[in-house]
Amino acid sequence: MTKVGPLMAGKKGLIMGVANNRSIAWGIARQLHAHGAQIAFTYQGDVLKKRVEPLAAKIGSDFLMACDVTDMASLAKVFDTLKARWGTIDFVVHAIAHSDKEELKGRYVDTTRDNFLATMDISVYSLSAVTQHAAPLMREGGSILTLSYYGAEKVIPHYNVMGVAKAALEASVRYLAEDMGRENIRVNALSAGPMKTLAASGIGDFRYILKWNELNSPLRRNVTLEDVGGAGLYLLSSLASGVTGEVHYVDCGYNTVGMKAVDAPDISTV
Ligand code: NAD
């Protein structure tokens, strides 16, 4: 019988968006590493470097680069450095989003122009910029994965401009998948259920959203880093070789239900 090697053996790639050990990007990194991948990381600023460095070391990586996606020169430098050290890459994880937390509460209609543009720049445009830089290094094909949320599709309280940004991000995934397909580069989004992370702490009443999903999703729980990591591994590996332009839900099934579960209590506060 043929022996099957580790799924990601010999694969090298970049993970952008680890802030700490609760980050979705970290959940994906752990799974990729467990299946044999070599991983480089970017961090946003020196404060986060102190958190990312020991995490990277845990999975045998000393390849860390500073990157703020609002600074195109820092992004270009990341891919120059990857090219110099590795020559080619096989995957990129884009787990980056930001909006002013003052506008992740109250009404969407009150969004300011400045924050609208900044949110779109960091949370949407950066995926296209990353793809532009990554594609030339993916000479034997590759896989690019971004992170989305159900607020792209339906109105979620307080998600506001971030919901509009995620809708644009999901549309970008489809256009990028078409552009990159002939080079055998796949582009997908993983739409995760709510998770307690640094970014999520900026969303108004987030505890309520978490509790609501736990009580009303078919699996009656919230997603874990293992859940998103496993699905990330699938989308980034050859298991998903025929999948591109897709938004894949990893939300314990929440997006499929239309009403409060019969056994869920009425909750006004949590
Ligand atoms: P997180 O705070 O751990 O990660 C967000 C990352 O974005 C951080 O590492 C931060 O440094 C990075 N970032 C923000 N602005 C940046 C910039 N200008 N340049 C470079 N990096 C920048 O939180 P997370 O929840 O793991 O978020 C990762 C992705 O997952 C985001 O796109 C988020 O919208 C998405 N997501 C989160 C949830 C959730 O409930 N936590 C659900 C679905 C999707």
Side-chain angles (χ1 to χ4, degrees), residues 14-30 41-52 55-56 64-75 77-78 92-101 104 115 117-127 129-130 145-154 156 158-170 172-173 189-214 217 222-225 227-229 231-232 247-252 254-255:
L14 175 67
I15 297 202
M16 311 179 77
V18 176
N20 55 38
N21 63 356
R22 291 182 159 197
S23 294
I24 291 177
W26 175 239
I28 297 172
R30 276 196 322 214
F41 292 91
T42 59
Y43 58 86
Q44 183 200 7
D46 284 340
V47 175
L48 290 184
K49 183 183 184 188
K50 289 197 188 83
R51 293 193 180 261
V52 181
L55 289 173
L64 275 80
M65 295 163 279
C67 182
D68 188 313
V69 295
T70 59
D71 172 5
M72 287 300 117
S74 83
L75 192 65
K77 197 170 161 202
V78 165
V92 177
V93 175
H94 170 276
I96 290 174
H98 180 76
S99 188
D100 179 352
K101 69 177 178 10
L104 297 178
N115 185 48
L117 295 175
T119 304
M120 288 288 175
D121 184 25
I122 296 170
S123 318
V124 185
Y125 178 69
S126 62
L127 176 69
V130 163
L145 182 65
T146 189
L147 270 299
S148 192
Y149 178 60
Y150 190 44
E153 205 181 306
K154 301 284 182 194
I156 301 289
H158 309 294
Y159 206 56
N160 297 354
V161 63
M162 194 52 88
V164 175
K166 292 301 192 193
L169 182 72
E170 292 182 5
S172 302
V173 163
L190 189 164
S191 183
M195 301 179 73
K196 228 188 235 176
T197 62
L198 192 63
S201 66
I203 301 165
D205 269 346
F206 190 70
R207 284 195 314 150
Y208 184 89
I209 295 174
L210 268 178
K211 197 70 194 166
W212 182 269
N213 278 259
E214 180 193 326
S217 65
N222 280 314
V223 285
T224 63
L225 281 185
D227 293 325
V228 290
V247 177
H248 180 68
Y249 279 95
V250 183
D251 65 348
C252 296
Y254 181 76
N255 75 94

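We count residues from 1, following the sequence as given. Everything numeric here is computed off the predicted structure, so don't read it as measured data. Just so you know, ligand 1 is whichever comes first in the structure, and atom 1 is the first atom listed for that ligand.
- Partners of F41 by ring pair (Phe, Tyr, Trp, His ring centres under 6.0 Å), not counting sequence neighbours: none found.
- For ligand 1, the atoms sitting less than 4.0 Å from at least one non-hydrogen atom of P194 are 40 (O), numbered in the order shown with element in parentheses.
- Inter-residue side-chain proximity for T197 and S23 is flagged as unmet; no heavy-atom pair is nearer than 4.5 Å.
- A donor-acceptor pair under 3.5 Å links the side-chain atoms of S123 to the main chain of H98, judged by distance alone.
- Nearest non-hydrogen protein atom to atom 12 (C) of ligand 1 is Q44 OE1, 3.9 Å.
- Residue F206 places a heavy atom less than 4.0 Å from ligand 1.
- I28 is listed as a side-chain neighbour of L145, based on a closest heavy-atom distance under 4.5 Å.
- Of the protein's heavy atoms, L147 CB, 3.3 Å lies nearest to atom 30 (O) of ligand 1.
- Annotation for H94 and S126: closest pair NE2-OG, 2.7 Å, computed over non-hydrogen atoms.
- Side-chain atoms of K166 come within 3.5 Å of backbone N or O of L147 as a donor-acceptor pair.
- Of all the heavy atoms of I122, the ones lying under 4.0 Å from any atom of ligand 1 belong exclusively to the side chain.
- Listed by atom number, the atoms of ligand 1 under 4.0 Å from S23 heavy atoms are 1 (P), 3 (O), 26 (O).
- Atoms of ligand 1 found under 4.0 Å from any heavy atom of L48 (numbered from 1 in listed order, with element): 11 (O).
- Between L64 and V52, the closest side-chain pair of non-hydrogen atoms falls below 4.5 Å.
- Closest protein heavy atom to atom 2 (O) of ligand 1: A199 N, 2.9 Å.
- Atom 19 (N) of ligand 1 has its closest protein heavy atom at V69 N, 2.9 Å.
- Counting the atoms of ligand 1 from 1 in the order shown, those under 4.0 Å from a heavy atom of A19 are 3 (O), 8 (C), 9 (O).
- In this structure the side chain of L225 reaches within 4.5 angstrom of the side chain of M195, judged on heavy atoms.
- Protein heavy atom at the shortest distance from atom 26 (O) of ligand 1 is I24 N, 2.9 Å.
- Nearest protein heavy-atom contact of atom 25 (O) of ligand 1 is T197 OG1, 2.6 Å.
- Atom 5 (C) of ligand 1 has as its closest protein heavy atom A95 O, 3.8 Å.
- Judged by the shortest distance from any of its heavy atoms, G193 lies inside the 4.0 Å radius around the atoms of ligand 1.
- Looking only at heavy atoms of the protein, atom 18 (N) of ligand 1 is closest to D68 OD1, 2.9 Å.
- Using a 4.0 Å cut-off between heavy atoms, A200 contacts ligand 1 through its side chain alone, with no backbone atom that close.
- Remark: ligand 1 atoms within the under-4.0 Å shell around heavy atoms of L198 are 2 (O).
- Side-chain contact annotation: Y249 with E153, donor-acceptor N/O pair under 3.5 Å present.
- Every residue two or more places apart in sequence or in another chain was checked for a side-chain hydrogen bond (donor to acceptor under 3.5 Å, both in side chains) with N213, and none qualifies.
- Each of the following atoms of ligand 1 lies closer than 4.0 Å to a heavy atom of I96: 7 (O), 13 (N), 16 (C), 20 (C), 21 (N), 22 (C), 32 (O).
- Checked by atom type, the side-chain pair S99/N115 shows a donor-acceptor distance below 3.5 Å.
- Side-chain contact between I96 and Q44: absent, with no pair of heavy atoms (C-beta onward) separated by less than 4.5 Å.
- Among the atoms of N20, none of the N or O lies under 3.5 angstrom from an N or O of ligand 1.
- Using modelled atom types and a 3.5 Å distance limit, the side chains of S148 and S191 yield no donor-acceptor pair.
- Of the possible donor and acceptor atoms, one in the side chain of D71 sits under 3.5 Å from a partner among the backbone N and O of A73.
- Applying the 4.0 Å criterion to heavy atoms of S148 picks out, from ligand 1, the atoms 43 (C), 44 (C).
- Distances below 4.0 Å separate heavy atoms of H98 from the following atoms of ligand 1: 15 (N).
- Within the 4.0 Å heavy-atom criterion, the part of V18 lying near ligand 1 is the backbone and not the side chain.
- When M162, M195, K166, K196 are checked for heavy-atom proximity to atom 41 (N) of ligand 1, M195 turns out nearest.
- Residues Y125 and M72 meet the side-chain proximity criterion, which asks for heavy atoms closer than 4.5 Å.
- With a 4.0 Å heavy-atom cut-off, ligand 1 is reached by the backbone of C67 but not by any atom from C-beta on.
- For ligand 1, none of its N or O atoms has an N or O atom of A25 under 3.5 Å away.
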